[in-house]
Every structure is written in structure tokens, then in C-alpha cells.
Amino acid sequence: MSITNRIWKLRKRPVGDVSEGDLDFVEEPVPAVKDGEVRIRTLYLSLDPTNRIWMSDRDQYMPPVQIGEPMRGGGIAVVEESKFDGLAPGDIVNTGLGQWALYLVKPGAEVNKLPELPGVPLTAFMGPLGMTGMTAYFGLMDIGKPKPGETVVVSAAAGAVGSMVGQIAKIQGCRVVGIAGSDDKCKWLTETAGFDAAINYKTEDVGEALDKHCPDGIDINFENVGGEIMDTILPRLNDFARMPLCGLISSYNATEPVPGPYNFSMLLMRHVTLKGYIVTDYIDRFPEGMQAMGQWLMEGKIKFETDVVEGLENAPASLERLFSGKNLGKLVVKVSDPG
Ligand SMILES: NC(=O)c1ccc[n+]([C@@H]2O[C@H](COP(=O)([O-])OP(=O)(O)OC[C@H]3O[C@@H](n4cnc5c(N)ncnc54)[C@H](OP(=O)(O)O)[C@@H]3O)[C@@H](O)[C@H]2O)c1
């Protein structure tokens with residue numbers, strides 16, 4: 001008896017925000033499981049800013065999703081059928097690079113069984129213990145190289161990556177200032193996540209607020225946003241500052257060429273090290289990142305939020321939450337129940 005899959009496929013390349021009709025929600029039979037493969041059912045789908053990049057044909061770090069192809073995405077799933085030694089029905093796995101689909105049939109070697117950590121919810125494996133946690137950990141530790149007493153500024157601070165960056169920087173003994181888009185987010189950053197200060201870029205003068213909260217200048221700018229916010233940070237960088245370039249979300253929906261940073265020269269004047277990176281650059285070191293993040297999580301040193309949207313059918317419309325800033329913490333879609 002064949003099982004019916006539900007898959008989002010890219011119908012056309014979005015212009016600006018993703019809109020209705022850019023993707024098709026189709027039903028098709030799930031292929032039979034061959035030797036070495038598993039059939040997994042998605043429990044949670046991760047929605048990420050990079051989904052928008054993959055939908056476009058701009059020059060990017062991996063091939064774009066082609067028209068008519070299933071939308072690419074990661075998530076957490078349960079094994080339903082296994083012809084792969086080492087995985088059995090009921091195992092919970094990270095899908096690796098998967099699809100916006102209810103079911104996936106793929107080589108068992110390409111999915112990773114998740115460890116069971118008492119008291120840690122599954123969604124942590126998409127946040128602190130997932131790709132966004134690893135992005136924060138390696139970007140800050142390897143490129144930012146934080147030292148006790150230094151000042152760290154992070155943009156999109158209440159999001160999945162930013163909220164981890166600030167808390168890791170606090171653990172390293174830094175002074176941490178977050179930039180976010182609402183008073184509620186700023187309150188969460190200072191009162192729950194332990195940031196020293198937070199700036200609401202929608203209501204405050206970011207330059208004035210940075211001068212107030214970073215009286216000794218900025219040693220690390222963890223860049224998630226680009227555009228005007230980044231431009232305001234650049235002249236406030238200290239000599240030999242570091243700048244992990246993680247993301248430029250302010251430009252992902254742009255329909256016109258984006259102006260370069262007006263204060264680019266400050267990178268020269270202040271001897272700044274800027275490095276763009278993609279989290280998978282660190283794939284061989286993920287066990288180190290998982291170990292550190294897992295330890296801090298169990299010790300209660302890291303707080304995290306998950307913004308859960310119900311239903312695979314709502315995936316494309318929910319991506320917008322990342323661009324309007326509706327999400328606090330990691331945005332995920334709950335697709336099905338484990339049982
Ligand atoms: N290099 C890598 O390997 C890697 C991996 C993962 C993520 N990233 C990047 O990291 C950044 C954060 O990703 P995430 O997954 O953690 O998403 P996220 O921060 O959870 O969500 C995106 C946040 O960006 C903020 N934002 C959106 N448009 C903005 C704008 N025009 N100006 C200022 N802020 C804006 C919104 O918060 P506000 O309410 O504060 O506006 C929103 O909540 C993105 O740039 C993403 O591409 C890079």
C-alpha cells in the first residue's frame with residue numbers, strides 16, 4: 001500500500017517577499033525504501049533566512065533550488081522504516097539537508113540519530129544544539145575570538161543565532177549589547193538572556209545608543225543584518241576589532257542592487273578582521289560545538305526560545321516572520337507528532 005507524501009515545490013522565483021503562488025503544495029507517492037535507506041517522517045521543519053536565498057538564482061554558496069524541485073530545508077524526523085544498519089523505527093534523527101515535505105526517503109548514512117538529553121526538548125536540536133547554535137558558537141569563538149572584558153555587539157540579537165551569540169559571549173566574560181526590533185525582544189535580551197544592554201533599532205537612534213552602551217568602543221561586531229545598522233556600527237569599532245560576517249538579512253528580499261557600506265573604510269582605519277563564513281565550514285568540529293553548547297544548556301547558562309508555527313501547509317507563509325521580525329528565537333514548523 002503506497003503512502004502519500006505532501007511536498008512544497010518551487011513554482012517560480014519570488015520577487016521581494018515570498019508570496020502565495022511562488023510554491024506549490026503537491027501530493028505524490030512516497031518511493032519504496034531500498035537497501036541502505038530509511039523512510040523518515042518530519043516532526044519539525046526549520047525555517048531559515050537562507051531558504052529565501054535558495055529560492056532565488058542570485059550567486060550563492062550552494063546551488064539554488066531549481067524551479068519544479070522540492071523546497072530544500074532541514075528538520076527533525078522520526079524513522080518509520082529502515083533498511084540501514086544502526087537506525088530503527090522510532091529513532092529520532094536530524095534530517096540533514098532535507099525537504100519541505102512530510103516524508104523523506106534517503107540514505108541512512110545521511111541522517112544523524114539525536115542523543116536523548118534529559119530535560120532538553122527536541123526543538124533544542126534546531127536551536128542551541130542545531131545549525132543556528134553551531135553558527136553562533138563557531139562564528140563567535142573562531143572568528144570573533146572573544147576575550148574577557150571586551151565589548152560584543154550583535155544584530156538580530158533576539159533571533160536564533162543572535163540570542164546564542166550574546167549568551168556565549170557573556171559566558172566568555174564579555175560585555176554584550178544586542179540590537180533588536182521591539183521592546184519585548186529587548187526586554188527578553190536583558191532580563192532573560194543576560195545581555196548587558198539592548199537597543200530597539202526601530203525606535204532608538206542606534207548610533208547614540210551604541211555610544212551610550214559601548215563607552216569603550218566595540219571589539220567584536222557579530223553581523224547578522226547588514227545595511228544601515230552595520231554602517232552605524234563600523235565607525236565605532238576599536239583597533240583590531242573582529243567581525244564575523246554571518247548574515248545580511250536586510251538585503252535578502254531586495255529587488256534592486258543594495259548600496260555598499262558607506263563606512264567601509266573603517267575596516268582599514270581600525271585594522272579590522274572581517275570574515276564571511278557558512279556554518280558547514282565547521283562541520284568537522286560540530287562535536288566540539290555540541291559538547292560546549294550541550295554543557296552550557298544543561299548547566300542552565302543558555303536560555304532559548306522557539307517560535308512554533310503549526311502545519312506544513314503554513315511553511316511558505318510563515319517564512320515572512322523572519323523578515324518582519326515576528327519570531328523570538330528559532331522559527332520552526334511543527335509538521336507531525338512523534339507517536
Ligand atoms: N553563515 C551561516 O552559516 C548562517 C547560518 C544561519 C543563519 N545565518 C544568518 O544569520 C542571521 C540570523 O539568522 P537566524 O536564522 O538566526 O534568524 P533569526 O535571527 O531568528 O530571524 C531573523 C531576524 O532578523 C531580524 N531582521 C529581519 N529583517 C531585518 C532588517 N531589515 N533589519 C534588521 N533586522 C532584521 C528580525 O528581528 P528584529 O525583530 O530584531 O528585526 C528577525 O527576527 C541571518 O542573516 C541568516 O542568514 C547565517
Side-chain angles (χ1 to χ4, degrees), residues 16-18 45-56 58 60-62 73-74 97 123 126-128 130-140 142-144 153-168 177-189 193 195 198-204 206 221-233 243-254 258 274-283 285-286 289 304-309 318-333:
D17 294 328
V18 174
L45 173 70
S46 177
L47 290 187
D48 299 280
T50 200
N51 295 148
R52 179 64 189 84
I53 298 176
W54 293 340
M55 288 178 193
S56 76
R58 65 193 291 174
Q60 52 193 279
Y61 61 92
M62 62 193 295
L97 267 188
T123 49
M126 308 177 95
M131 280 295 174
T132 50
M134 296 304 100
T135 304
Y137 178 84
F138 288 108
L140 182 68
D142 203 63
I143 302 171
V153 168
V154 54
S155 47
V161 174
S163 60
M164 294 302 118
V165 168
Q167 294 182 82
I168 301 167
V177 178
I179 303 176
S182 75
D183 287 345
D184 283 348
K185 288 186 177 185
C186 288
K187 191 165 181 264
W188 184 84
L189 290 171
F195 283 46
I199 300 167
N200 180 345
Y201 73 90
K202 290 188 178 161
T203 59
E204 293 181 65
V206 176
N221 171 39
F222 192 100
E223 188 56 58
N224 277 327
V225 168
E228 217 177 298
I229 293 177
M230 180 176 77
D231 240 329
T232 309
I233 293 169
M243 187 161 153
L245 176 52
C246 173
L248 295 166
I249 194 169
S250 67
S251 63
Y252 297 169
N253 277 322
V258 176
L274 177 149
K275 188 170 190 296
Y277 73 104
I278 298 297
V279 60
T280 44
D281 299 344
Y282 292 96
I283 204 154
R285 289 177 57 192
F286 277 11
F304 74 99
E305 294 287 334
T306 312
D307 186 50
V308 184
V309 174
S318 304
L319 197 62
E320 170 279 328
R321 297 179 74 77
L322 297 167
F323 296 92
S324 60
K326 290 194 186 82
N327 66 306
L328 172 66
K330 179 74 193 94
L331 177 61
V332 304
V333 179

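The figures that follow rest on heavy atoms only: side chains count, while hydrogens, waters and symmetry mates do not. When a ligand or atom number is given, it counts from 1 through the structure's own listing order. Since we're looking at a predicted model, the values are computed, not measured.
Contacts between Ala160 and ligand 1 below 4.0 angstrom, taking non-hydrogen atoms only, involve backbone and side chain alike. Contacts with ligand 1 closer than 4.0 Å are made by no heavy atom of Met131, backbone or side chain. Residue-level proximity to ligand 1 for Phe323 is carried by the backbone, the only part with a heavy atom below 4.0 angstrom. Contacts of Ile249 with ligand 1, taken as heavy-atom pairs under 4.0 Å, involve both backbone and side chain. Neither the backbone nor the side chain of Ile179 has any atom closer than 4.0 Å to an atom of ligand 1 (non-hydrogen atoms only).
The shortest N/O to N/O separation between Lys185 and ligand 1 falls below 3.5 Å. Polar contact check, Tyr201 against ligand 1: a nitrogen or oxygen pair lies under 3.5 Å apart. Checked against a 3.5 angstrom limit, the closest N/O atoms of Val225 and ligand 1 fall outside it. Polar contact check, Ile229 against ligand 1: no nitrogen or oxygen pair lies under 3.5 Å apart. The shortest N or O to N or O distance between Ala180 and ligand 1 is not below 3.5 Å.
Scanning the protein heavy atoms around atom 16 (O) of ligand 1, the nearest turns out to be Val161 N, 2.8 Å. When only non-hydrogen protein atoms are considered, atom 11 (C) of ligand 1 lies nearest to Asn224 OD1, 3.4 Å.
When each of Thr50, Leu331, Asn51 is checked for a side chain to side chain contact (heavy atoms under 4.5 Å, CB included) with Leu322, only Leu331 meets the rule. Each of Val154, Thr135, Leu245, Ile249 was scored for a side chain to side chain contact (heavy atoms under 4.5 Å, CB included) with Asn224, with one residue passing: Val154.
Distances below 4.0 Å separate heavy atoms of Thr135 from the following atoms of ligand 1: 2 (C), 4 (C), 5 (C), 6 (C). Of all atoms in ligand 1, numbered sequentially from 1 with element shown, those under 4.0 Å from a heavy atom of Gly159 are 18 (P), 19 (O), 20 (O). Close contacts of ligand 1 with Val279, meaning ligand atoms under 4.0 Å from a residue heavy atom, involve 2 (C), 3 (O). Interface of Leu248 with ligand 1, defined as ligand atoms under 4.0 Å from a residue heavy atom, comprises 45 (O). Under a 4.0 Å criterion applied to the non-hydrogen atoms of Gly329, ligand 1 contributes the atoms 20 (O). Every atom of ligand 1 is numbered from 1 in the order shown, and the set under 4.0 Å from a heavy atom of Tyr277 is 1 (N), 2 (C). Those atoms of ligand 1 that come under 4.0 Å of a heavy atom in Gly247, given as number and element, are 9 (C), 45 (O).
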Query - Worked check of side-chain contact (heavy atoms from CB on, under 4.5 Å) between Ser155 and Tyr201 - result: CA-CA 10 Å; Ser155 47; Tyr201 73 90; over 6 Å; no
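The aromatic rings of Tyr277 and Phe222 stand perpendicular to each other, their planes meeting at an angle above 60°, with 30° marking the opposite boundary.
Between the SG atom in Cys246 and the CD1 atom in Ile278 there is a gap of 8.0 Å [rounded to 0.5 Å].
Considering every non-hydrogen atom in both Met164 and Gly133, the closest pair reads CG-CA, 4.4 Å. Across all their heavy atoms, Glu320 and Ser324 have their closest contact at OE2-OG, 2.7 Å.
No hydrogens or angles considered: a donor-acceptor pair under 3.5 Å links the side chains of Ser46 and Lys330.
Residue Ser182 places no heavy atom under 4.0 Å from ligand 1.
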